[in-house]
Amino acid sequence: MDASRAVYADTAAWTRLFSLWNEKRNVLGPSRGEVVVMLPAVLAPSFANAAPDVWSIRSGEYGIDEVAPARGAGLESGAQGALSFVGVARVALPAMAATAAGSVSRRFDDALLLLRAVPPLALFGGDLVVRPWVENLLSARWAADPMSEPIQEREPWGVEPSVLARRELRRADDMLAVRCFDGAEELLAGLLERADADDTELTAVALSELAIAIAAQDRADVAAVHGNRALSLLGAELGGGSARTALSPYVTACVLRANALVHWCLGHLEYAEQLDQTLAAGHEAPTEIARWFHRAFVARSRLLRLVERGQIAAAREQVPALLDSWLHTERAMGRIVIADLEFLSGNLDTSVRALDQARAEGTVWPEAHASLPRRCEVATALVEIARGNEERASKLLGGPRNSPAPSHLREPEPESGFRAEAFHAVTFGLLATVTGDRGGASLSFERARGLIADWGRWGLDRRSRLRAQLLIELLRAALEPDGDGAVAAARDLTRRAEALLGDTAEDQVSRVLAVAAHRELARRLASAGAGDARSVAQRAAALAQPLGNLGVPAWDALLTAAARSL
């Protein structure tokens, strides 16, 4: 049976066929002759899961790499993963050449599986996650230039110290709004040294903003110390109810928002959710219309955070609340979030329809998300690549972009241009990968690296940026041949992946990247003949265990692939 041209949209049909084979296992087992099944690598887990009894009597698995002229419109870059049963010793086809395990073709297949296992907004949509926590900072973006007024070394004559302190606090707000994180940190640290010990509210706000400034500079553990000090000043009892505190609602909201952001950066996702629930229960917005706008931010953010934690069923339950929060200008943004959930759930046709509808409805995008039309277009191309529709993906992406990403400190979100261009470079590199253009893929991934680094100098959503950086390095590794530095580079990737996963390991998207990093290291070690290859493969399999049965087909496939590597 030849299913080597199968595309992702055919997965359900092939899985049904495999299950029917399983029912006929007693006929297949004693039959004379041989049964040879040709599959793209991503269908192998479906075969193993749907027909475990047939799978168990296979005599071998053989990787075959398709030469470029013979490649058709199938999903993968080669028909690797041919499966044979009952004593088949060799597979030979005129248009194909046998390859060893760990070949470039297998690495490309793993890279494509990884892409389907990571939703685009988990990499390039962190601004939608953190928006409810930093809305007050973003609203200050048109403030006067914070650099135009020097810090006062002494109190000006006739000005109360408390008045001066509040002026400095407003200036720190402005610095954070234009992403001058180091300047804001210096100003806030000095302000706290001079602050009146009895001015609890000013101290709590300054500590909260200092935590944000430090977290944005990739020192989230230090930021948490300042955030926790601010929480202690609140004396708040966290949970589903509002925080009971003597401080004003504005100060309470500042403290809760900052701590939610910092703990999300650290990977303490459940705790960030508790803070967010306390914040929402407090109804800190002063008017009904303000609460309505804030509700849309929270609904999108919460759904994306549920996906990050692997709570796919709970995320689906949140979709009606997300739909209910839409205003006319928010409709397209909501569809992008829903498309992300459908993509991860394996419903690629539904995902494309949602993105196409978002692009049609998004004629007037909110000013604060000026880069979203571009990201929506690139996301559509990414899903089309996963569907095997490379022609449409190519039309949507256009050619490689060499111009620098537009960005300015007065833009509503200064990092948005870099974020959108990095997403384009990654997706263009993937398209080059599946079409066999290794040189083009390498150039695109290298460009994406630089754009993500530029984004990091402006961005507040540290976690999604670090995920994107890890993904880029894993995709680049798929293009690199074995060599002296390959093992060392792979070890560095596993260290970074483990660090991002954090001490609670709640972030399932980062878990996917950690599994991929350990599999890459195990493959490199095995190729080098190192003795610890098996222990690394075991670590990959152990990390993958919590990914099973969560409603994400690609996670199930990654779990199966990790287990088969042992």
Side-chain angles (χ1 to χ4, degrees), residues 127 130-152 155-156 159-196 199-217 219-220 222-223 226-227 229-231 233-234 247-262 264-265 275 279 282 284-286 290 293-294 297 367-368 407-416 457-462:
D127 52 329
V130 306
R131 184 63 186 251
W133 301 329
V134 296
E135 176 62 18
N136 58 321
L137 299 178
L138 298 177
S139 65
R141 62 185 175 272
W142 303 120
D145 187 350
M147 299 305 184
S148 63
E149 180 183 349
I151 299 175
Q152 297 287 344
E155 299 173 14
V159 178
E160 291 288 337
S162 60
V163 174
L164 178 61
R166 279 163 174 73
R167 286 180 181 175
E168 290 186 353
L169 192 58
R170 284 198 301 272
R171 188 169 171 228
D173 283 344
D174 298 340
M175 285 184 169
L176 288 174
V178 298
R179 309 304 204 271
C180 182
F181 300 126
D182 54 349
E185 179 185 358
E186 181 181 358
L187 178 58
L188 289 164
L191 173 59
L192 286 166
E193 288 179 1
R194 298 188 300 272
D196 185 342
D199 196 340
T200 305
E201 292 204 340
L202 183 140
T203 301
V205 173
L207 283 168
S208 299
E209 297 196 356
L210 180 60
I212 292 173
I214 292 175
Q217 298 176 76
R219 289 152 41 219
V222 178
H226 298 293
R229 282 183 59 199
L231 272 178
L233 293 175
L234 284 188
L247 302 185
S248 70
Y250 170 79
V251 173
T252 301
C254 285
V255 174
L256 292 173
R257 283 171 164 172
N259 275 277
L261 172 67
V262 169
W264 177 77
C265 288
L275 292 162
L279 175 65
E284 76 287 351
F293 277 100
H294 188 70
F297 297 149
E367 180 190 30
S407 188
H408 187 270
L409 61 81
R410 287 299 173 199
E411 288 187 1
E413 293 209 40
E415 81 273 19
S416 62
R457 288 191 281 273
W458 297 92
L460 287 160
D461 59 322
R462 170 183 182 268

Exercise. Under the side chain to side chain donor-acceptor pair (under 3.5 Å) rule, collect the residues that match up with Glu185, sequence neighbours excluded.
Key: Gln217, Arg219
Quiz prompt | Pairing residues for Ala223 by the side chain to side chain contact (heavy atoms under 4.5 Å, CB included) criterion, not counting sequence neighbours | solution = Ala211, Ile214, Ala215, Val262
Quiz item: Within the side chain of Arg462, is there an N or O that forms a donor-acceptor pair under 3.5 Å with the backbone of Leu460?
Solution: no
Quiz item: Between Leu261 and Trp133, what is the shortest heavy-atom contact and its length?
Solution: CA-CE3, 3.5 Å
Exercise. List the atom of Leu176, the atom of Phe181, and the distance in Å for their closest heavy-atom pair.
Key: CD2-CD2, 3.9 Å
Practice problem: Identify the heavy atoms of Leu187 and Ala172 that sit nearest to each other, and give their distance. | Solution: CD2-N, 3.7 Å
Exercise. Not counting sequence neighbours, which residues clear side chain to side chain donor-acceptor pair (under 3.5 Å) with Asp182? List them please.
Key: none
Quiz item: Considering all heavy atoms of both residues, which atom of Ala260 and which atom of Leu275 are nearest to each other, and what is their separation?
Solution: N-CD1, 3.5 Å
Exercise. Start with the C-alpha distance between Leu231 and Leu256, add both sets of side-chain angles, then the distance that settles side chain to side chain contact (heavy atoms under 4.5 Å, CB included), and finish with yes or no.
Key: CA-CA 8 Å; Leu231 272 178; Leu256 292 173; 4.1 Å; yes
Quiz item: Side-chain contact, heavy-atom cut-off 4.5 Å: Leu169 with Leu188?
Solution: yes
Practice problem: Would you please name every residue forming a salt bridge (charged side-chain N to carboxylate O under 4.0 Å, His left out) with Arg457, sequence neighbours left out? | Solution: Asp454
Practice problem: Return yes if some donor-acceptor pair links the side-chain N/O of Arg131 with the main-chain N/O of Phe297 below 3.5 Å, else return no. | Solution: no
Self-check item: Arg166 side chain near Asp199 side chain, heavy-atom distance below 4.5 Å
Solution: yes
Quiz prompt | side chain to side chain contact (heavy atoms under 4.5 Å, CB included) against Ala230, all qualifying residues, sequence neighbours excluded | solution = Leu207, Ser208, Val255
Practice problem: Drop me the distance from Ile212's CD1 to His226's NE2, to the nearest 0.5 angstrom. | Solution: 12.5 Å
Quiz item: Quick one: CD on Glu209 to CE on Met175, what's the gap to the nearest 0.5 Å?
Solution: 12.0 Å
Quiz item: Where the side chain of Glu201 meets the backbone of Ser248, is there a donor-acceptor pair that is under 3.5 Å apart?
Solution: yes
Exercise. Looking only at non-hydrogen atoms, find the nearest pair between Ala195 and Leu202 and report the distance.
Key: CB-CD2, 4.1 Å
Quiz prompt | Interatomic spacing from CZ in Arg229 to CG in Leu210 - rounded to 0.5 Å | solution = 8.5 Å
